[in-house]
Structure formats: C-alpha cells, structure tokens
Amino acid sequence: MVNRFQLGTTSVPIAIGLIVMMYPPLAKVRYEEIAEVFHDKRILALSLLQNWVIGPVLMFILAVVFLRGHPQYMTGLILIGLARCIAMVIVWNDLAKGSASYAAGLVALNSVFQVLFYSVYAWFFLAVLPPMIGLAAVTVHIGIGAIAKSVFIYLGIPFLAGLLTRAVLSRRTAGNGLRRNSLSASAP
C-alpha cells in the first residue's frame with residue numbers, strides 16, 4: 001500500500017510535506033546576504049564540528065550502548081545519526097525568528113557535505129568502527145547519486161522555489177516602487 005506512493009526510493013507524500021513545510025521560510029531568505037555567512041569562519045567551523053563530528057559520534061555511541069543486541073536497529077540509528085535533518089533546521093529557525101540567511105547558508109553547506117561524505121561516513125561508522133569494538137561489520141550500499149537525488153528533492157526543490165519567489169516578488173516590489181516614485185516626482 002505504502003509503495004504505491006513511492007517513486008524509486010522517494011516517498012511522494014513525505015517529499016510533498018517537506019517541500020510545503022520548507023517553502024515559506026525559504027521564501028523569506030535574503031539570498032543576497034548568504035555570502036556573509038561564509039565569511040564567519042567560527043560559525044562555519046562550529047556547524048561542521050557539531051554536524052560532522054559530535055552528532056555522528058554521539059549517535060554511534062548511543063546505538064552501541066542501547067542497541068548492541070539488535071544489529072538492524074543499531075544500523076538504522078547510526079544511519080539516521082549521519083543524516084542531517086535539514087528541513088527541521090529551517091522550520092525551527094523560522095519559528096525562533098532566527099536569521100533566515102544564516103540558516104539557509106549553513107543548511108546549504110551541510111547539504112553539500114552530506115552529498116559528498118554520507119557514503120564515506122556510513123562505511124566508516126558501519127564497516128570500520130564496529131569491528132574495532134568487537135561488533136560485526138555491516139555493509140550498506142548507499143551511492144553518492146542516491147544521496148544527491150534525495151538532497152535535491154528534499155532541499156533543492158524548496159530552495160529553488162523560495163529563491164524564485166523571492167526574486168519575482170523583489171522585482172515586482174522594486175518595479176512598483178519605481179513607478180510610484182516616478183509618478184510622485186512628476187506630480188505638480
């Protein structure tokens with residue numbers, strides 16, 4: 001039943017829900033300000049440290065401590081721990097009235113890291129580390145293409161929709177402002 005609503009490995013209802021949930025906050029982003037995020041080296045370093053060192057190590061430890069006797073669940077928790085929850089970061093940031101530009105920039109950075117390193121991290125945390133502590137290695141085949149496709153569907157589409165909306169509305173608003181200014185300037 002559930003497979004009726006899937007295209008390949010993509011759940012259509014989940015994709016639609018995430019796109020609808022992420023679109024409004026991404027339409028508020030001042031995309032012209034995102035470059036400023038990449039000048040703040042401390043924020044970038046902290047984001048990468050939390051997302052690509054602390055988070056995966058913590059989830060690995062929790063999986064080993066609590067799910068050692070259930071290898072499928074342990075594997076699942078490790079894989080979930082490696083995946084950055086980019087959709088919720090954007091929504092929580094919007095609810096907290098945080099900087100939409102900073103959130104979008106950091107999410108974009110971590111999404112690139114996810115595409116490039118998720119497969120490597122999965123291999124390391126499932127095939128290399130477990131034997132070091134006496135557990136069986138697990139092999140999971142997760143290709144970079146599948147990860148890139150998922151990141152594009154779940155983040156790229158709402159990102160592009162937000163960017164296009166912002167660009168169209170900015171042009172319309174700027175055009176209306178120019179017309180109003182020229183009308184008021186020509187009035188006696």
- [ ] Share the residues that join I54 in a hydrophobic cluster, the rule being Ile, Leu, Val, Met, Phe, Trp or Tyr side chains under 4.5 Å apart at the heavy-atom level.
- [x] L49, V53
Closest heavy-atom contact between [X] and [Y]?
{"X": "V91", "Y": "M21", "answer": "CG2-CG, 3.4 Å"}
{"X": "A137", "Y": "P131", "answer": "CB-CG, 3.8 Å"}
{"X": "R68", "Y": "L135", "answer": "NH1-CD2, 3.6 Å"}
{"X": "R30", "Y": "S101", "answer": "O-OG, 3.2 Å"}

Can [Y] be reached from [X] by stepping across I, L, V, M, F, W or Y side chains whose heavy atoms are under 4.5 Å apart?
{"X": "V107", "Y": "L48", "answer": "yes"}
{"X": "L26", "Y": "V168", "answer": "no"}
{"X": "V140", "Y": "F125", "answer": "yes"}

Rounded to the nearest 0.5 Å, how far does [atom2] of [Y] lie from [atom1] of [X]?
{"X": "I34", "Y": "L109", "atom1": "CD1", "atom2": "CG", "answer": "11.5 Å"}
{"X": "N110", "Y": "L155", "atom1": "CG", "atom2": "CG", "answer": "10.5 Å"}
{"X": "E33", "Y": "Y102", "atom1": "CD", "atom2": "OH", "answer": "10.0 Å"}

List for me each residue that meets side chain to side chain contact (heavy atoms under 4.5 Å, CB included) alongside [X], sequence neighbours excluded, and say none if there are none.
{"X": "S150", "result": "Y154"}
{"X": "P13", "result": "F5, S11"}
{"X": "A103", "result": "N93"}

Open item on the list: So for atom OH, which belongs to Y73, do other residues, nucleotides or ligands contribute more than 12 heavy atoms lying within a distance under 6.0 Å?
Closed with: no
Please set out all donor-acceptor pairs under 3.5 angstrom arising from side-chain atoms of residues 113-124, sequence neighbours excluded.
unit_1: Q114; atom_1: OE1; unit_2: R84; atom_2: N; d: 3.2
unit_1: Y118; atom_1: OH; unit_2: L79; atom_2: O; d: 2.8
unit_1: S119; atom_1: OG; unit_2: I142; atom_2: O; d: 2.6
unit_1: Y121; atom_1: OH; unit_2: W52; atom_2: O; d: 2.5

Tell me every residue that passes side chain to side chain donor-acceptor pair (under 3.5 Å) with [X], counting only those two or more places apart in sequence or in another chain.
{"X": "T75", "result": "none"}
{"X": "Q50", "result": "none"}
{"X": "S99", "result": "none"}
{"X": "D94", "result": "K28"}

Is there a side-chain contact between [X] and [Y] in this structure, where contact means two heavy atoms from C-beta onward sitting under 4.5 Å apart?
{"X": "L82", "Y": "M59", "answer": "no"}
{"X": "L18", "Y": "I157", "answer": "no"}
{"X": "V138", "Y": "P130", "answer": "no"}

Task: Sequence neighbours excluded - salt bridge (Lys or Arg N to Asp or Glu O under 4.0 Å) pairs with any residue from residues 40-60 - done: none
Task: Residue pairs fulfilling salt bridge (Lys or Arg N to Asp or Glu O under 4.0 Å) with at least one residue in residues 108-119, sequence neighbours excluded - done: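 Found none.
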Give every donor-acceptor pair under 3.5 Å between a side-chain atom in residues 158-167 and any protein atom, sequence neighbours left out.
unit_1: T165; atom_1: OG1; unit_2: Y23; atom_2: OH; d: 2.6
unit_1: T165; atom_1: OG1; unit_2: A161; atom_2: O; d: 2.8
unit_1: R166; atom_1: NE; unit_2: V29; atom_2: O; d: 3.4

Task: Residue that, paired with L62, satisfies side chain to side chain contact (heavy atoms under 4.5 Å, CB included) out of L58, V64, V65 - done: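 It is L58; the other options fail the test.
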Open item on the list: As a test of understanding, state which of V37, V89, L106 forms a side chain to side chain contact (heavy atoms under 4.5 Å, CB included) with S47.
Closed with: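 Considering V37, V89, L106, a side chain to side chain contact (heavy atoms under 4.5 Å, CB included) with S47 is found only for L106.
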